[in-house]
Number of protein chains: 2
Amino acid sequence: MQISELGEFGLIDHLTSTIKLENASSLVGIGDDCAVLDCSGQKRTVVTTDMLMEGIHFDLVYTPFKHLGYKSAMVNLSDIYAMGGTPRQLVVSVAMDRRITVKALEDFYDGLRLACERHHVDLVGGDTTSSITGLAISITAIGEVLPYDGETEVRPILRSGAKDTDLVCVSGNLGAAYLGLQLMEREKQIYLSQLREAEQKGKAESVVFEPDFAGKEYLLERFLKPEARRDIIEALRKTGVHPTSMMDISDGLSSELLHICKASNCGCRIFEERIPIDYQTAVTAEEFNLNVYTCALNGGEDYELLFTVPLTDHDRVAALDDVKIIGHITRPELGAQLVTRDGNEFALQAQGWNQGEQ
Amino acid sequence: MQISELGEFGLIDHLTSTIKLENASSLVGIGDDCAVLDCSGQKRTVVTTDMLMEGIHFDLVYTPFKHLGYKSAMVNLSDIYAMGGTPRQLVVSVAMDRRITVKALEDFYDGLRLACERHHVDLVGGDTTSSITGLAISITAIGEVLPYDGETEVRPILRSGAKDTDLVCVSGNLGAAYLGLQLMEREKQIYLSQLREAEQKGKAESVVFEPDFAGKEYLLERFLKPEARRDIIEALRKTGVHPTSMMDISDGLSSELLHICKASNCGCRIFEERIPIDYQTAVTAEEFNLNVYTCALNGGEDYELLFTVPLTDHDRVAALDDVKIIGHITRPELGAQLVTRDGNEFALQAQGWNQGEQ
């Protein structure tokens, strides 16, 4: 079905008719000028927004619409968790050109909905509009930060609270999403060259391309379907550990460490050998002739959490599942340093996504 | 200066360094994963989002960047007022391609800032990214609805509260923005044809085009620099009039009336002769051979308020400046009807912006 058959309002009705509100704070959802929220009580509201542009943040050649919806939601939820918050509501805007079918948008909304369900988030509003040049997605997420059990003060976790001697921790493992992207780019190039060859022979329609991703599913999933780390925030609350600073890793570990050092006016020492790397990531980096630590430091899109905790919390953090201590915070004049496996030290440099250029 | 010289984070710092927070509820602004808001107290939070795409919602040939920033903010603030709310915070995402200079973005932010200052709104976050295909802007605005003086219940004004016999009111006048757009489109075509002619003679650079807008400044301003009607919301509060339903007029009066009728399960009777039209709008419609009431009903982008009030509030509403009663709400089976000047009746039809096609 073409979108023009439904019209803008028909389309919105069609895509949003099954959306149910789950949170007590979501009073009015889609369908009015604004959503209405009840944010009263002992808490803080947190708000984040992210824009995803076709050709910069995603490539429709290898990104299924359902994954795109899921990931678009997830990158925003990840920012809410990175404040120590719980996401509650989401508004989504989509601008699309004539290639986008109703089925594609349904898949996109299915992905959005799945992400929302898993994280108990309500989709409360949005905007659906045309584009003359490709797909653009903009999502704003709203969450709340509650006091820890038994406390009265609400403390959102900012980037600016890291202190000298704090431990630097990351969740999960790094570099996997970047290698997932490399895999898909490689297969895309193979596909395009087969297509060109077949076109020259006038047989373009004969190309049946089977990408070769055997054994690499984990890396693809890390790139296409990242999972925001709600579990880590819950585990930290459960153990009563208050991180002094936190960010999610979207641009790359190096870039995020530099953000924390700048915002907190501190330095850091990170040990290369402690950076968590999945086995598949290491194997695939070697296949691509890439240094796996460079992938982990600069690859980005892992959506893991980077945070600092007081040294006195060492044992409680060390006991957490899927969290690794990779270094410590230092005085600002020492800079942000990486200690390599062979004992050399280098200043960390941000080489993450910058203006969409990796 | 080119954006690539500053880099993403340098650019964000550059654009946002002078932003100050004005509202007590804005605890943390730009620079972290999320903005942090204090939304506690006896009120409701309202959230709206709008996306503006180059080639669909604006044309950079005749839209100065400062106006674009101002208008992008204003269309969102207008949605907050349309709930009976007061805007407090705004997050803005901009995706831009290589044509966009730092100066252009500065102008855009100047416009945003001016809109925010006039409406006492804090810019608390956003996303700046690349686009391969034109400029995309997405803004989310957050506001609060407070109880009326002397009341304890908070009542956001939805679309769904209109009742049989309610009066239908609009603020300001309609159709002006649409004619402003027609004027600019006309001058653009003249410019492009002069350019083509000069190009054929190899003298493209000799074209010095002076658009002819004499006496039409009001119409241009209505299109390029609309003003959200904070004053109307304040006046209604002052007189103690609670509208039963409200919307802002972005797609056109017909379209918005149909939304209210659908959401409230009612009909309406609107009198053509009561629709407020500015003198300049009438004169210019005639120049373009357009029916001025068609412009007012279907033109859109006026960002005036459309609302309904109980019949018992007639005298209080009639006494308000810049508000006009244009008809009344009826039972649903009577439909949404327009009574023309010559006494004929027609069913209202939505012919506003639909998927960017007017």
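Not measured: the values here are computed from a predicted model. These numbers come from the heavy atoms of this one structure, side chains and all, not from hydrogens, waters or symmetry mates. Lettering follows sequence order; numbering is per chain, from 1.
- Contacts with chain A were tallied for Ser25(B), Ser138(B), Gly85(B), Gly143(B); Ser138(B) has the most, counting heavy-atom pairs under 4.5 Å.
- Heavy atoms only, all atoms of each residue included: Met51(A) and Ser93(B) are closest at SD-CB, 3.6 Å.
- Within 6.0 Å of NZ in Lys262(B) there are 12 or fewer heavy atoms belonging to other residues, nucleotides or ligands.
- Both the backbone and the side chain of Asp248(A) come within less than 4.5 Å of a heavy atom in chain B.
- In this structure, the side chains of Met53(B) and Ile132(A) stay at 4.5 Å or more apart for every pair of heavy atoms.
- The candidate with the highest count of non-hydrogen atom pairs below 4.5 Å against chain A, out of Val94(B), Leu158(B), Leu52(B), Ile157(B), is Leu158(B).
- Taking 4.5 Å as the limit, some side-chain heavy atom of Val47(B) sits within range of a side-chain heavy atom of Ile142(A).
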Sequence neighbours excluded and cut-off under 3.5 Å, please list the side-chain donor-acceptor pairs for residues 27-37 of chain B, or say none.
{"from": "Asp32(B)", "atom 1": "OD2", "to": "Arg159(A)", "atom 2": "N", "distance (Å)": "2.8"}
{"from": "Asp33(B)", "atom 1": "OD1", "to": "Arg159(A)", "atom 2": "NH2", "distance (Å)": "3.4"}

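- Ranked by non-hydrogen atom pairs under 4.5 Å with chain B, the options Ala136(A), Gly134(A), Ser78(A), Ser160(A) are led by Ala136(A).
- Listed by chain and number, the residues in a side-chain hydrogen bond (donor to acceptor under 3.5 Å, both in side chains) with Glu54(B) are Arg99(B) (sequence neighbours excluded).
- The candidate from Ala263(A), Ser131(A), Gly55(A) with the greatest count of non-hydrogen atom pairs under 4.5 Å with chain B is Ser131(A).
- In this structure, CG on Asp127(A) lies 11.5 Å from CD1 on Ile139(B), to the nearest 0.5 angstrom.
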